[in-house]
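The next block holds one structure in the form of structure tokens; read it before the comments.
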Amino acid sequence: MSEALPDFKLIRPTSLDEALNALTAQPNTRLCAGGTDLIVNMRRGLETPDVLVDLGAISDLKTITMDDKGLRIGAGVTLRDLAGHAGIAGAFSAITQAANAIAGPNHREVATLGGNLCLDTRCQYYNQSHWWRKSNDFCLKYRGDICHVAPNGNRCRAAFSGDLAPALIVFGAKVEIAGPDGVRSCDLADLYREDGADHLTLTKDEIVIAVQIPPTDAASAYDKIRVRGAVDFPLAGVAVACRTDASGARHFALAVTGTNSMPLRVDMPDPLGKDDDPDSYFKALEKLVQKAVSPQRTSTIAPHYRRLSASALSARLARALI
Amino acid sequence: MKRIVALTLNGRATEDAIAGNTLLIDYLRDTHGLTGAKKGCDGGECGACTVLVDGRPRLSCITLAASCEGTKVETIEGQAKAGRLSALQRAFHENLGTQCGFCTPGMILSATSLLRTNPDPDTDEIKTALGGNLCRCTGYVKIIQSVKAAAKAGENP
Ligand SMILES: Cc1cc2nc3c(=O)[nH]c(=O)nc-3n(C[C@H](O)[C@H](O)[C@H](O)COP(=O)(O)OP(=O)(O)OC[C@H]3O[C@@H](n4cnc5c(N)ncnc54)[C@H](O)[C@@H]3O)c2cc1C
Ligand code: SF4
Ligand code: FES
Ligand code: FES
């Protein structure tokens with residue numbers, strides 16, 4: 001057999017309770033949804049679970065509901081189904097655009113919302129084969145004791161590169177999490193922390209089950225900077241939502257991915273009033289994003305370029321929404 | 001730990017004892033000798049390993065064989081019927097959509113899935129559907145022409 005995966009026990013539960021029990025029954029157990037991030041990392045020796053809990057057979061996680069209470073997307077919904085949902089495309093364009101911009105069409109057939117929110121952070125010194133990393137003495141994120149990106153720092157700067165998180169955060173999304181003590185809910189933004197080696201606030205015995213978004217009349221958009229027009233992770237990705245109030249003022253919400261170890265919600269300036277000058281407003285918005293993001297040498301593309309393109313993209317998307 | 005996995009492979013029922021960590025591509029190539037699906041990369045990047053699972057394109061190099069229990073798997077070996085190449089295979093041949101051939105099985109299976117849902121795709125639709133299949137030889141123009149020629153032939157893919 002050629003290049004087999006490391007040995008593990010595969011469990012395929014059909015209910016959430018079964019999955020939760022399996023997750024705590026043995027140490028070193030991992031969840032696998034579409035596997036388009038995890039199995040790649042396992043092939044590279046970055047993950048070596050003893051037990052793999054495959055979430056693919058739990059139908060409860062695969063539903064989308066949209067009504068006057070808002071939108072609820074199950075963690076097991078595939079990116080293909082998410083991108084193809086007409087209701088979401090109508091009311092939450094940023095989500096559809098982000099889902100369509102993830103990886104390639106054949107990944108999106110199986111890749112899920114939950115896996116996209118929880119995918120590992122990325123770095124040119126980490127997403128490499130075992131022999132490549134070994135010959136470079138590994139790094140802080142895995143086995144080594146120095147960071148090749150910021151050798152004087154003491155934390156990993158690997159970039160969170162999921163496209164969906166910012167597109168959900170701009171709508172004030174909440175994430176539902178099931179654990180041994182029941183279901184809790186928190187702001188999606190709080191699922192993350194700025195630490196490339198430990199970027200999720202999720203505990204080992206928890207499962208993301210859904211994302212919830214309140215009803216909105218905001219217009220929205222998502223776009224990303226990448227080298228190729230398909231397949232590539234974002235060097236920087238930006239989601240913007242814009243709500244117009246009764247006075248005609250525009251309220252923006254903006255979040256960025258690919259530049260930090262977590263998706264970053266950028267605080268916006270005061271609303272753009274009906275009689276304000278849009279040019280100076282968007283100039284200020286661009287400066288704000290430029291200051292907020294912090295791309296590092298985690299990819300072969302220069303951090304400065306990523307900073308400038310993230311801010312330019314932000315201003316371009318925001319302007320197109322007015 | 002091995003388990004019995006039953007699935008339909010190119011129209012034939014099969015049942016094999018396979019380990020939980022067996023990748024679909026290794027199962028196809030090593031257990032069944034179906035070497036059409038290619039390993040073109042480290043995992044998940046190139047599309048050369050694309051096969052169809054229940055009619056939909058799937059990267060067999062990052063798919064666990066055990067997760068395909070009960071499904072219908074199709075590989076490039078299932079395209080030709082009674083010794084006659086499929087419309088897509090003929091089109092790739094006639095339009096120089098294949099050069100070294102390494103990406104071709106994956107291209108043809110992604111295109112098969114496209115033509116089954118959209119029998120007359122335009123250039124953009126073809127580009128989107130084949131967006132995850134990389135080719136280092138043809139420059140893609142001939143591949144798009146091949147898919148169009150196959151669509152014109154109008155056979156059920
Ligand atoms: C070539 C290539 C290009 C890619 N390009 C992009 C891109 O442009 N943008 C992008 O965002 N991603 C990209 N990806 C990564 C990946 O395909 C997507 O992020 C995908 O959405 C991951 O989902 P999955 O279901 O396959 O996750 P999996 O691989 O199954 O899981 C990923 C992680 O999430 C955890 N997890 C999964 N589900 C849950 C859950 N319900 N609760 C808690 N934890 C969970 C797993 O334990 C694992 O750690 C790319 C991958 C490849 C191979
Ligand atoms: S940022 Fe540093 S520690 Fe983190 S993966 Fe890259 S090299 Fe390793
Ligand atoms: S072999 Fe390259 S994507 Fe599967
Ligand atoms: S024909 Fe050689 S890679 Fe496509």
Side-chain angles (χ1 to χ4, degrees), chain A residues 1-12 32-57 78-81 83-84 100-111 115 119 127-132 228-233, chain B residues 1-3 5 18-31 35 39 41-71 106-107 109-110 113-114 117 124-134 140:
Chain A
M1 188 121 325
S2 46
E3 221 182 66
L5 287 173
D7 212 4
F8 56 81
K9 186 174 150 198
L10 179 68
I11 304 180
R12 218 167 131 76
C32 181
T36 60
D37 185 49
L38 184 72
I39 295 190
V40 175
N41 286 350
M42 284 171 66
R43 287 192 52 169
R44 292 184 164 160
L46 292 165
E47 300 275 359
T48 47
D50 292 324
V51 182
L52 209 60
V53 180
D54 177 354
L55 297 175
T78 63
L79 301 183
R80 169 176 169 244
D81 288 347
N100 261 325
I102 294 168
N106 301 358
H107 301 94
R108 297 196 291 272
E109 290 284 330
V110 289
L119 92 163
N127 300 100
Q128 301 287 355
S129 63
H130 182 83
W131 64 263
W132 194 104
R228 300 177 288 185
V231 183
D232 281 359
F233 281 92
Chain B
M1 202 181 64
K2 292 205 169 182
R3 62 173 72 206
V5 173
I18 50 181
N21 66 346
T22 305
L23 292 166
L24 180 57
I25 190 162
D26 293 327
Y27 168 74
L28 294 171
R29 294 179 59 94
D30 299 347
T31 308
T35 54
K39 250 185 210 180
C41 71
D42 228 9
E45 308 227 354
C46 73
C49 64
T50 304
V51 298
L52 301 183
V53 176
D54 285 339
R56 306 295 315 172
R58 188 74 76 78
L59 299 172
S60 63
C61 77
I62 50 170
T63 300
L64 297 175
S67 72
C68 298
E69 163 74 32
T71 63
M107 288 286 178
L109 287 160
S110 290
S113 147
L114 169 69
T117 47
D124 275 350
E125 287 166 334
I126 296 172
K127 281 188 180 173
T128 305
L130 301 185
N133 292 84
L134 306 192
Y140 301 103

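First the proteins, then the strands, lettered A, B, ... as listed; each starts at 1.
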Pair B/Leu64-A/Phe8, side chain to side chain contact (heavy atoms under 4.5 Å, CB included): steps then yes or no
CA-CA 12 Å; B/Leu64 297 175; A/Phe8 56 81; 4.0 Å; yes
Worked verdict on A/Asn106 versus B/Ser110 for side chain to side chain donor-acceptor pair (under 3.5 Å):
CA-CA 8 Å; A/Asn106 301 358; B/Ser110 290; 3.1 Å; yes
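Proximity to chain B (any heavy atom under 4.5 Å) is restricted, for A/Val110, to the side chain, taken from C-beta onward. A/Leu38 does not touch chain B: none of its heavy atoms, backbone or side chain, sits under 4.5 Å away. At a 4.5 Å heavy-atom cutoff, B/Ile25 makes no contact with chain A through either its backbone or its side chain.
Applying the salt bridge (Lys or Arg N to Asp or Glu O under 4.0 Å) test to every pair with at least one member in residues 45-56 of chain A, sequence neighbours left out, gives these pairs: A/Arg12-A/Asp54, A/Arg30-A/Glu47. Residue pairs that meet the salt bridge (Lys or Arg N to Asp or Glu O under 4.0 Å) test with at least one member in residues 43-69 of chain B, sequence neighbours left out, are A/Arg44-B/Glu45, A/Glu109-B/Arg56.
A/Arg43 contributes a side-chain N or O that, together with a main-chain N or O of B/Cys61, makes up a donor-acceptor pair within less than 3.5 Å. A donor-acceptor pair under 3.5 Å links the side-chain atoms of B/Asn21 to the main chain of A/Leu5, judged by distance alone.
Of all the listed residues (B/Ala66, B/Ala19, B/Gly44, B/Gly47), the one sharing the greatest number of non-hydrogen pairs under 4.5 Å with chain A is B/Gly44.
Atom CD1 of A/Ile39 sits about 7.0 Å away from atom OG of B/Ser67, to the nearest 0.5 Å.
In terms of heavy-atom proximity, B/Gly131 sits nearest to A/Ala230 at O-CB, 3.7 Å. Of all heavy-atom pairs between A/Val231 and B/Gly132, the closest is CG2-CA, 3.8 Å.
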